[in-house]
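Written below as structure tokens is the structure these notes are about.
On a predicted model such as this, the values are computed, not experimentally measured, just so you know. Residue numbers count from 1 along this sequence. Below, all heavy atoms of this structure are taken into account, side chains as well, without hydrogens, waters or symmetry copies.
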Amino acid sequence: MAEAQMAILGLGYAGFGSDALDDWRQFGTGLVGLQAVECGNSLLAFRMDDRKQRIVIDRAQGEGTRFFGWEVADRAALDALAARLERARVTVTSEPQALADARRVRGLISFQDPAGNRLEAFHGAEIDNTPFRPGRSVSGFRTGPLGLGHAVLTVEHIAPVMSFYVDVLGFGLSDYIEKPFRAYFFHINARHHSLALIETGTNGMHHLMVELFSLDDVGQAYDVAQQEDRVNVTLGRHTNDLMTSFYAKSPSAFMVECGWGGREIDPANWTPFEMHDGPSLWGHERVWLSPEDRAVAREMRMRAAAEGKRAPVQVMEGNFKLMSGTCPWWDGVRNNS
């Protein structure tokens, strides 16, 4: 079956084990702006668009448990993906309808990546017949064909995990950095990255990113996070996907990035490259880094400021248009667009 028939379309949903449902409800609605959907005593789901659920918090699963749902077009694409995984000697489970119903999808398989993360692939996500109602006053979340947002995982070693996502699942490498830490970014649609891997020596969850339609939504979430002492990475702008964002400490042992202004790419005409200016053009002081790595990151940002580096984009009705001839530093990135 042709590769296009098994292609993954985007990150459809994510789930995490936690018994802190009350804390998650407050965090998800009051800070991020998600809509809480009550699913009994052991399960809490969140909406962020017209789908019945995008994020799930499950009390029945242990803290640190996580799963990620990658969407395909239909049953034929799901079967083709399962066959490809089996040819690569990956164990695939065809999940029962009861679990598919709980995930609010029509069909579902599961498997693991080399770092032990539970991955699910699905088709037929259920659409809610009631409008999305945010937990606080926000303009909404940028999802649709771009998917939920992106997930960033920590891994012991990047190479085997990267090989699995690229060679088996069909992700494309967007770009990567080697300093102040190793991080590789992967796309599956026009979102600059739906997945990233950070090499830390341990396998785990680093953060989940959700993208809002308004910069003011992000700024107001930042105010809430400051008031609740949840800021783990300060407001800043990334060098590769151009996202203006901050990272909040979630009730679990990972962060949620609230962002705005992420760039889109053309996957068919994209050439991966190494970023030499660090992960952030300005801001994004990372309290989770070691003092030595924080100093390296800060020096990179100070050098960018001294050299007057800018990401030359303009915002027009929520879309981005690159400006030409204004910034030689941007040429290498712009030429991929």
State, without any angle test, whether [X] and [Y] hold a side-chain donor-acceptor pair at a distance under 3.5 Å.
X	Y	answer
Glu257	His150	yes
Ser252	Glu63	yes
Arg66	Asn117	yes
Thr200	Arg182	no
Gln227	Tyr222	no
Gln97	Asp101	yes
Thr239	Asp277	no

Hey, can you tell me if [X] and [Y] have their rings parallel, tilted or perpendicular (30° and 60° cut-offs)?
X	Y	value
Phe111	Phe164	tilted
Phe185	His193	perpendicular
Trp24	Phe254	tilted

First locate atom [atom1] of [X], then atom [atom2] of [Y], and finally report the distance between them rounded to the nearest 0.5 Å.
X	Y	atom1	atom2	answer
Asp217	Ser137	CG	OG	7.5 Å
Leu21	Arg59	CG	CZ	4.0 Å
Asp58	Ser18	CG	OG	9.5 Å
Asp50	Ile127	CG	CD1	4.0 Å
Asp113	Leu153	CG	CG	7.0 Å
His123	Asp74	NE2	CG	7.5 Å

Test of ring centre spacing under 6.0 Å for [X] and [Y]:
X	Y	value
His238	His284	yes
Phe122	Tyr13	yes
Phe171	Tyr165	yes

Is the side chain of [X] donor-acceptor paired with the backbone N or O of [Y] at a distance under 3.5 Å, no angle test?
X	Y	result
Ser280	Trp282	no
Gln53	Phe46	no
Thr29	Gly33	no
Asn232	Met255	no
Glu211	Gly262	yes

Would you please test Glu86 and Val90 for side-chain contact (heavy atoms from CB on, under 4.5 Å) and show each step?
CA-CA 5 Å; Glu86 288 171 347; Val90 176; over 6 Å; no

NZ/NE/NH1/NH2 to OD/OE distance under 4.0 Å, [X] and [Y]:
X	Y	answer
Arg118	Glu120	yes
Glu95	Arg103	no
Glu228	Lys249	no
Glu126	Arg51	no

Checking salt bridge (charged side-chain N to carboxylate O under 4.0 Å, His left out) for the pair Arg191/Glu264: CA distance, chi angles, key distance, verdict?
CA-CA 5 Å; Arg191 190 183 290 280; Glu264 292 188 22; over 6 Å; no

Met243, Leu31: one ILVMFWY side-chain cluster at the under-4.5 Å cut-off?
no

Flag yes if more than 12 heavy atoms outside Lys52 fall under 6.0 Å of its NZ atom; otherwise flag no.
yes

Over 12 foreign heavy atoms within 6.0 Å of CG, Asn41
no

Go through it in stages, so that I can follow the logic: the residues are Ser245 and Trp260, the test is side-chain contact (heavy atoms from CB on, under 4.5 Å), and I'd like the CA-CA distance, side-chain angles, deciding distance and then a yes or no.
CA-CA 6 Å; Ser245 65; Trp260 168 85; over 6 Å; no

